[in-house]
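In what follows, residues are counted from 1 in the order of the sequence shown.
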Amino acid sequence: MTYTIEKVTTLIGARRYGDNDTNIGFILTDSRSLCFPEETLFFALKSERNDGHNYIPELYRRGVKNFVVTNVPKGYASDYPGANFLKVVNTLEALQRLAERHRDEFNIPIVGITGSNGKTMVKEWLYQLLSPSMFVTRSPRSYNSQIGVPLSVWLMNEQTQVGVFEAGISMPGEMLALRDIIQPTIAVLTNLGAAHQENFSSMEEKCREKLILFHDAETVIYDGDDEVINKVIAEYPDYKGEKLFWSLKNAEAPFYVKNIEKQQSVTVITYIYKGEEDSFSIPFIDNASVQNAIISAVVASKLGLSAEDIDKRMTQLEPVAMRLEVKVGQHGCTLINDSYNSDINSLDIALDFMNRRPDHRGRRHTLILSDIYQSGQAPEALYKEVSDLARKRGVVKFIGIGPELCKQHDVIQISEKFFFPNVEEFIASEVFASLRDEVILLKGARQFGFDQLTELLVQKVHETTLEVNLNAVVANLNYYRAFMKPETKLVCMIKADGYGAGAVEIAKTLQDHRVDYLAVAVADEGVTLRKNGITSNIMIMNPEMTAFKTMFDYDLEPEVYSFRLLDALIKAAEKEGVTGFPVHIKLDTGMHRMGFDPENDMEELIGKLKHQNAIIPRSVFSHFVGSDDDSFDDFSAHQFELFDKGSKQLQAAFDHKILRHICNSAGIEHFPERQLDMCRLGLGLYGINSRNNKTINCVSTLKTTILQMHNVKAGDSVGYSRKTILDRDSVIAAIPIGYADGLNRRLGNRHAYCLVNGQKAEYVGNICMDVAMIDVTDIPCKEGDSVEIFGEHLPVQTLSDILETIPYEVLTTISNRVKRVYFQD
């Protein structure tokens with residue numbers, strides 16, 4: 001659907017500057033995601049740290065002619081000929097209002113889903129249940145925020161028969177706008193949990209906020225066994241709509257779950273709805289999947305899906321990979337795996353993600369795509385849109401799989417293109433064998449067997465993996481940014497290979513979110529980043545004198561902490577003909593590790609810096625010894641006093657601005673008044689709050705699998721040197737992880753545990769180089785089951801506490817032979 005610019009102006013109540021009549025089909029809030037400039041309307045959103053108005057010149061040069069702004073550029077008529085500027089009071093509210101007015105165009109069932117967990121899973125499973133018989137428009141991935149919801153609702157078009165949208169909130173006052181945009185006819189509350197509880201005074205308050213979504217809905221769906229939900233709903237006696245709650249306890253419930261039978265790999269759920277007893281099976285046995293399936297069944301029943309269709313389609317439910325997976329592939333390839341479904345909206349998001357990755361090593365961007373089902377479009381029009389998207393997103397090689405794509409091969413206007421009726425023929429082809437040094441996006445429905453492609457294309461390493469959640473990295477970044485003044489810059493520490501998480505992928509994510517500086521330990525780490533397309537400023541914290549030329553060649557800015565290093569660096573720069581090379585001056589205020597003495601060295605330091613032009617101080621910094629511990633506050637104050645005096649003395653000697661920084665992760669939170677010009681974010685970026693040793697958002701999860709299980713009799717020993725003697729008949733499992741992977745030997749012999757199917761399994765015997773043994777006697781499990789060493793459910797701090805060390809050590813000792821798998825929503 002498109003709107004004239006005149007109509008948009010009216011819908012959002014804007015004042016229009018410019019007279020270019022055009023149609024709007026796309027709305028944009030992030031300049032990096034531009035694809036179709038001619039039909040795009042850009043909303044210049046403002047935040048504490050960024051302002052979309054700054055990107056108007058760049059977007060205009062790239063072909064965008066329509067902007068929603070709070071400030072019209074001066075001289076707009078001469079500087080931006082042919083452009084329209086729609087002036088409003090608040091650009092975010094204008095975006096939301098446009099989506100709300102777009103929603104008013106549809107008189108169809110709209111499902112709004114909120115809750116602490118399960119929103120995305122329920123939404124995707126509803127799509128799988130409903131899409132065979134009706135055209136469903138749904139939120140892409142986790143687009144459930146104040147910006148994501150209007151972008152999602154905007155996707156509805158003339159083909160849409162049902163809308164399914166998530167509504168996520170993190171603090172009071174957010175749901176009202178989302179309700180007005182979605183205007184659900186069916187409102188769903190999946191559950192109440194601990195997520196974002198720190199922003200609410202009680203569970204009741206959070207529940208009230210979420211239930212704002214229910215206000216005008218014709219039907220509300222919720223857990224009738226949840227006491228908090230029932231209590232809060234009882235506060236709204238005037239609600240006249242249908243209360244379609246489910247229950248495992250109340251036989252009088254509108255949707256009564258009579259029985260849940262878990263088998264080896266299937267769960268059978270028996271229920272009574274409208275007086276009829278029926279059942280369905282799902283190919284999962286975990287509790288979260290069971291609850292999500294029940295919710296999906298309630299909604300599907302309300303939307304008229306028959307019990308027979310529910311049963312048939314539930315058995316075919318596919319696991320939802322809610323995150324894009326980035327994996328190291330064979331033959332120099334990078335794999336972006338998004339093969340849990342295939343539709344035009346999620347394709348655009350995945351292509352945008354691939355296009356924004358800074359892989360600048362001459363590698364081609366390749367799309368492997370299956371037929372797209374239930375699109376609501378004629379095949380020729382659909383695949384023309386696919387072709388346009390792929391070309392504009394930088395795809396140079398297209399591989400289509402499926403009978404329909406084979407028919408539409410002429411529609412795909414990409415020079416290097418190949419088509420196969422099925423995955424098997426593609427795998428057997430020369431095209432598959434010739435994949436080399438490419439960034440490959442796998443986007444296809446599972447029924448085409450794309451899991452085979454992933455298995456064959458991924459680099460083969462053993463079954464222990466470190467899963468890195470890039471969304472959690474961003475969430476932690478924003479957690480600390482919330483403590484900072486908008487004008488304060490940020491250095492993100494990614495030394496030690498990103499604290500074990502992988503510096504390259506972490507750097508790509510941080511660069512995409514516009515951090516001011518990245519910091520690594522040595523020049524070689526910086527070179528690796530540059531060769532992988534990182535253009536951000538990079539600070540070298542431990543520069544080696546043999547690496548000066550490398551730093552000059554790759555624009556790597558060294559820390560300078562001694563006169564010996566300073567003299568050698570100046571000499572090397574002069575020899576290379578380098579002038580004005582930025583450096584970072586370190587002052588020792590109490591760590592007594594490295595740095596100039598701020599009381600005794602400043603005069604000589606300034607003299608040396610002033611009498612040369614090879615290098616120039618870009619920043620001056622020091623490091624708090626104990627900002628994570630209140631007992632050191634007096635010493636921290638003494639450190640700051642020394643730094644403040646020394647850094648001001650340095651600044652006074654130069655006309656240009658020298659950035660001052662002393663706060664680390666803990667200091668950002670504990671000493672907001674000492675943030676100065678810049679702060680350094682280290683361990684906090686990886687999800688660990690050193691102030692309280694708690695997890696903020698878990699970034700790294702170390703997993704392995706059960707290789708083999710043995711029944712071992714009481715009195716027998718396990719492992720080298722017979723260190724563990726069993727006191728009962730036991731089941732012992734071997735897992736492929738050992739001290740060569742970073743699993744500390746001191747954790748063996750029942751000193752620590754891992755998690756198998758959510759239950760504690762102690763390490764028994766000595767941990768070996770490549771294998772460890774665990775006691776799974778009382779745990780339902782089998783060979784091949786997943787084992788969590790640390791992560792989302794077992795914090796890394798648990799292991800570091802047992803080892804009487806710090807989380808840094810556990811994270812950074814994970815071996816490079818452990819495969820890293822990256823996830824991105």
Side-chain angles (χ1 to χ4, degrees), residues 1 3 8 11-12 24-30 33 41-47 52 68 88 90-106 108-124 126-127 136-157 160 162-190 195-196 199 206 209-217 220-221 299 322 343-346 348-349 352 471 474-475 478 825:
M1 292 177 67
Y3 291 86
V8 172
L11 291 178
I12 65 175
I24 300 300
F26 301 90
I27 54 179
L28 181 71
T29 60
D30 188 331
S33 298
L41 176 64
F42 176 68
F43 285 79
L45 303 182
K46 289 184 177 181
S47 66
V68 178
V88 296
N90 184 299
T91 49
L92 175 59
E93 291 177 2
L95 170 66
Q96 294 173 338
R97 181 172 175 80
L98 179 60
E100 186 179 336
R101 299 284 74 82
H102 181 63
R103 162 66 180 91
D104 291 340
E105 296 293 316
F106 298 87
I108 59 175
I110 300 290
V111 182
I113 306 173
T114 190
S116 298
N117 304 104
K119 297 184 294 295
T120 301
M121 188 70 76
V122 169
K123 176 201 67 183
E124 292 298 331
L126 276 174
Y127 176 78
V136 181
T137 297
R138 70 199 193 282
S139 307
R141 296 200 167 271
S142 297
Y143 276 37
N144 58 27
S145 66
Q146 299 292 304
I147 298 172
V149 168
L151 293 177
S152 300
V153 170
W154 178 259
L155 297 173
M156 289 197 295
N157 57 36
T160 304
V162 177
V164 184
F165 303 109
E166 295 182 49
I169 61 170
S170 58
M171 60 184 62
E174 292 186 330
M175 184 60 82
L176 184 60
L178 303 187
R179 182 198 70 189
D180 290 345
I181 298 167
I182 298 173
Q183 302 170 48
T185 59
I186 300 173
V188 181
L189 175 60
T190 58
H196 304 298
N199 296 326
K206 181 161 65 176
E209 179 71 18
K210 290 183 181 294
L211 291 184
I212 290 173
L213 185 67
F214 280 24
H215 190 269
D216 297 315
V220 295
I221 295 173
V299 180
M322 291 178 288
D343 65 273
I344 196 71
N345 293 326
S346 63
D348 188 26
I349 292 170
D352 180 38
N471 285 89
V474 175
N478 291 333
D825 282 353

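- The aromatic rings of Y3 and H102 stand perpendicular to each other, their planes meeting at an angle above 60°, with 30° marking the opposite boundary.
- Judged by distance alone, with hydrogens and angles left aside, the side-chain atoms of R138 form no donor-acceptor pair with the main-chain N or O of E124 at under 3.5 Å.
- Between L95 and V68, the closest side-chain pair of non-hydrogen atoms is not below 4.5 Å.
- F43 CZ to I147 CD1: the interatomic distance, rounded to the nearest 0.5 Å, is 11.5 Å.
- For the pair F165/V149, no side-chain contact is recorded, criterion being any heavy-atom separation below 4.5 Å from C-beta on.
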Starting from the C-alpha separation in whole Å, work towards a yes-or-no answer on side chain to side chain contact (heavy atoms under 4.5 Å, CB included) for K123 and N144. CA-CA 11 Å; K123 176 201 67 183; N144 58 27; over 6 Å; no
Could you give me the CA-CA distance, side-chain angles and deciding distance for V136 and V164, then say whether side chain to side chain contact (heavy atoms under 4.5 Å, CB included) is met? CA-CA 7 Å; V136 181; V164 184; 3.8 Å; yes
Let's go through S170 and N199 carefully: what are the C-alpha distance in whole Å and the side-chain angles of both, what is the deciding distance for side chain to side chain donor-acceptor pair (under 3.5 Å) to 0.1 Å, and is it a yes or a no? CA-CA 7 Å; S170 58; N199 296 326; 4.8 Å; no
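- The distance from the OG1 atom of T137 to the CD1 atom of I108 is 7.0 Å, given to the nearest 0.5 Å.
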Could you check T190 against N117 for side chain to side chain contact (heavy atoms under 4.5 Å, CB included), going step by step and ending with a plain yes or no? CA-CA 7 Å; T190 58; N117 304 104; 5.6 Å; no
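- The closest donor-acceptor contact from the side chain of S139 to the backbone of E166 lies under 3.5 Å.
- Separation of atoms CZ (F42) and OG1 (T91) is listed at 8.5 Å; rounding is to 0.5 Å.
- Residues R97 and R101 have side chains in contact (heavy-atom distance under 4.5 Å, counting atoms from C-beta outward).
- We find the CD-CE distance between Q146 and M175 to be 9.0 Å, quoted to the nearest 0.5 Å.
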Applying side chain to side chain donor-acceptor pair (under 3.5 Å), run through Q183 and D104 and close with a yes or a no. CA-CA 9 Å; Q183 302 170 48; D104 291 340; 3.1 Å; yes
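- You'll find the side chain of I349 reaches within 4.5 Å of the side chain of Y143, heavy atoms only.
- Within the 4.5 Å cutoff, no side-chain heavy atoms of I212 are placed close to those of I169.
- To the nearest 0.5 angstrom, L213 atom CG is 8.0 Å from L178 atom CG.
- Counting only distance, with no hydrogens or angles, the side chain of Q96 and the backbone of P150 share no donor-acceptor pair below 3.5 Å.
- A distance-only check finds a donor-acceptor pair linking the side chain of T114 to the backbone of A167 [under 3.5 Å].
- One N or O on the side chain of R103 and one on the backbone of I182 form a donor-acceptor pair closer than 3.5 Å.
- Here L189 contributes atom CG and F214 contributes atom CZ; the two are 5.0 Å apart, rounded to the nearest 0.5 Å.
- Closest heavy-atom contact between D180 and E100: O-CG, 3.2 Å.
- Put simply, the side chain of E209 gets close to the backbone of G173: a donor and an acceptor are under 3.5 Å apart.
- Side chain of S346 to main chain of P140: no donor-acceptor pair is present (N/O by atom type, distance under 3.5 Å, no hydrogens or angles).
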